[in-house]
Undergrad: 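The structure under discussion is supplied below as structure tokens; questions concerning it will follow.
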Amino acid sequence: MAKGITSRSENYSQWYNDIVGKAGLAEHSAVRGCMVIKPYGYAIWEKIQRQLDDMFKATGHQNAYFPLFIPKSFFSKEANHVEGFAKECAIVTHYRLKNDPNGKGVVVDEDAKLEEELIVRPTSETIIWNTYRNWIQSYRDLPLLINQWANVVRWEMRTRLFLRTAEFLWQEGHTAHATKEEALEETHKMINVYSDFAQEWMGIPVLIGTKSEGERFAGALETYCIEALMQDGKALQAGTSHFLGQNFAKAFDVKFQTKEGKLDHVWATSWGVSTRLMGALVMAHSDDKGLVLPPKLAPTQVVFVPIYKNEEEFEAVSEKINQLKSQLDSKGVSTHFDNRDTVKPGFKFAEYELKGYPIRIAMGPKDLEKGTVEIARRDTLTKEFIPQEKVSDYVPTLLDEIQSNLFNKAIKFREQNTTSVDTYDEFKSVLNEKGGFVLAHWDGTAETENKIKEETKATIRLIPLSNEDGSGKCIYTGNPSAQRVVFARAY
RNA sequence: CGGGGUGUGGCGCAGUUGGUAGCGCACUUGCAUGGGGUGCAAGGGGUCGGAUGUUCGAGUCAUCUCACCCCGACCA
């Protein structure tokens, strides 16, 4: 285990990389732009997956799985969609290798060229809608509410662990509805599921809103998103839910017969979150000692560290720890007793802080005498002595408190880093000196949005759903604006 | 694809005017230690990214090549 991590204030990117690497979450693989998710990182992802999956099931969705490969011709059917993804696709052109006739190793067998190239999915709308055509005949087949857990590939130029990798894990929901209203309702429902998950489970406050036309998903009529603020003042899009209208139904000719016997195209939505959530989790809560995990997503919530000088002391401490451990286990708390004799307690303390275990309980000979344990919280880094008989009642309460403390801290941070501005000069100076979310009036044109982006690197993260402080004038052009929108520099 | 940089044990690095490879961490073994990353001692591990050239001799010089990283364009 490496010693120390780069300070957050000194070099934010390095700090992030250090935590991801040294806490054992993930590392770069031998393949360019791809990532190996290590067991500890994957354990956290599994917690995320499980909870989201429960929430999807509770809202009536079912899981299914569609192919990794998409025939190239499918892609060209929805014009905006192709345009959005064409520049970052991996393409399969051949299906066989052969021994290199001139030397060592193998080469592509040019005789094995595919008649039609296959695209490695960057997202699955096209293959799924091509399939839905056969699944949907009647209004009785609707709504069709399906989710897929999968990997997708987007050939990104520059990558960062979890935040942007050439291949990533995600879930993508694809639903079909009989009416526009129902599809819109589904779009709203799912962005709210994401928002609830982010706030209640990840402890990350998010803003909900719609994307401007320029930031909208390729092929969607409306994109809803949740945006979180990271500790360096940059925004991170944490999830999206798209209202696709009838675009894909028309492109793939998916029609159904209504009650009245008429033929109509179905209305569609799609929504997704990815392993990017892992990046958000790291950046939202962690500190200079390492990862900080919200208790609800920590693979292990409580770790016991024994302190002893000899075999007898170890036996005595172990016995007591095992009692406390089973009390907590029976209350549904996930625990670990680190009885390794190969490293010292101080090493373990540092290691569990680095890995973000929410609660650490140390027990040694002094505690045996006094009937206490030492309980250390990861979020505040504070320690206190608690009588042993109170541990099983206290720990679950403390876990809840840590969970809400992380959320409250993040809310407070966001409040402090959200600024309302009325002039372009003010806008630029806030971006440069403070960062964070900047609320400003915008005239609603893509042209203005692009100019601001070119000049400041800030983009419109979202257009809030509720218009809180009315109309005004665009900070860039002075033209009328109906409401303030949220600008930020983003990941 | 443009601009810059780096390739030396698992990781991080040093290596002078060319002289036959070293340090820290990690690893192995032993003893002590144990309430915040433990100390001492002894060990194992490298065809110096690759190819060609110059030279008595190349980690070091030259040419070519490959890979990766950083800054842009692209993006969940």
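What's counted below: heavy atoms across the whole structure, side chains too, no hydrogens, waters or symmetry copies.
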Undergrad: Tell me which of A:Ala376 and A:Phe162 sits closer to the 5' end of RNA chain B, going by the nucleotide each one is nearest to.
TA: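 The residue closer to the strand's 5' end, by nearest nucleotide, is A:Ala376.
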
Undergrad: Ring centres within less than 5.5 Å and planes less than 30° apart: is that true of A:Phe349 and B:G37 in this structure?
TA: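 So no, this residue does not stack on that base, at least one cut-off failing.
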
Undergrad: Applying the Watson-Crick and G-U wobble criteria at under 3.5 Å, what pairs with B:G37? Answer none if nothing qualifies.
TA: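 Base-paired to nothing in any strand shown.
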
Undergrad: Test for a donor-acceptor pair under 3.5 Å between the base of B:G34 and the side chain of A:Asn310, counting only N and O atoms.
TA: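 When only heavy-atom distances are counted, A:Asn310 does not reach the base of B:G34 through any donor-acceptor pair under 3.5 Å.
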
Undergrad: For A:Lys344 and B:G35, is the shortest distance between a side-chain N/O and OP1 or OP2 below 4.0 Å?
TA: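 So the side chain of A:Lys344 is within the cut-off, an N or O lying under 4.0 Å from OP1 or OP2 of B:G35.
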
Undergrad: So, under a plain 3.5 Å distance rule, would you say the side chain of A:Lys383 forms a donor-acceptor pair with the base of B:G36?
TA: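 Result: at least one qualifying N/O pair found.
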
Undergrad: Just checking A:Phe304 against A:His336, ring centres under 6.0 Å apart?
TA: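 Ring centres of A:His336 and A:Phe304 not closer than 6.0 Å.
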
Undergrad: Want to settle it: does A:Tyr491 or A:Asn17 sit nearer the 5' end of RNA chain B, counting the closest nucleotide to each?
TA: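 Its nearest nucleotide being more 5', the pick is A:Asn17.
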
Undergrad: Is there, by distance only and without an angle test, a donor paired with an acceptor across the side chain of A:Glu353 and the base of B:G36 below 3.5 Å?
TA: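 Looking at the base of B:G36, it does pair with a donor or acceptor on the side chain of A:Glu353 (distance under 3.5 Å).
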
Undergrad: Give the rounded distance in Å between these two atoms: CZ of A:Arg276 and C1' of B:A76.
TA: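 Between C1' of B:A76 and CZ of A:Arg276: 5 Å.
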
Undergrad: Expressed as a whole number of angstroms, how long is the span from A:Met230:CE to B:A76:P?
TA: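 The answer, rounded to whole Å, is 16 Å.
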
Undergrad: So which nucleotide does B:G7 pair with, by the Watson-Crick or G-U wobble rule with both distances under 3.5 Å?
TA: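 Here B:G7 is engaged in a pair, and the nucleotide opposite it is B:C66.
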
Undergrad: Can you measure A:Met363 atom CE to B:G34 atom C1' for me and round it to whole angstrom units?
TA: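 Interatomic distance, CE of A:Met363 to C1' of B:G34: 17 Å.
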
Undergrad: With a 3.5 Å cut-off and no angle check, do the side chains of A:Tyr394 and A:Glu384 form a donor-acceptor pair?
TA: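 Judged by distance alone, the side chains do pair up.
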
Undergrad: OP1 or OP2 of B:G35 sitting under 4.0 Å from any side-chain N/O of A:Lys348?
TA: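 The answer is no; no side-chain N or O of A:Lys348 sits under 4.0 Å from OP1 or OP2.
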
Undergrad: Under a plain distance cut-off of 3.5 Å, with no hydrogens placed, do A:Ser241 and A:Thr187 share a side-chain donor-acceptor pair?
TA: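 Looking only at side-chain atoms, A:Ser241 and A:Thr187 do not form any donor-acceptor pair under 3.5 Å.
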
Undergrad: Establish, for the pair A:Lys234 and A:Tyr491, whether the NZ or CZ atom is under 6.0 angstrom from the six-membered ring centre and no further than 45 degrees off its axis.
TA: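 Yes, A:Lys234 lies over the aromatic ring of A:Tyr491.
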
Undergrad: What is the separation between atom CG on A:Asp338 and atom P on B:G34, rounded to the nearest whole Å?
TA: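 Rounded to whole Å, this separation is 19 Å.
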
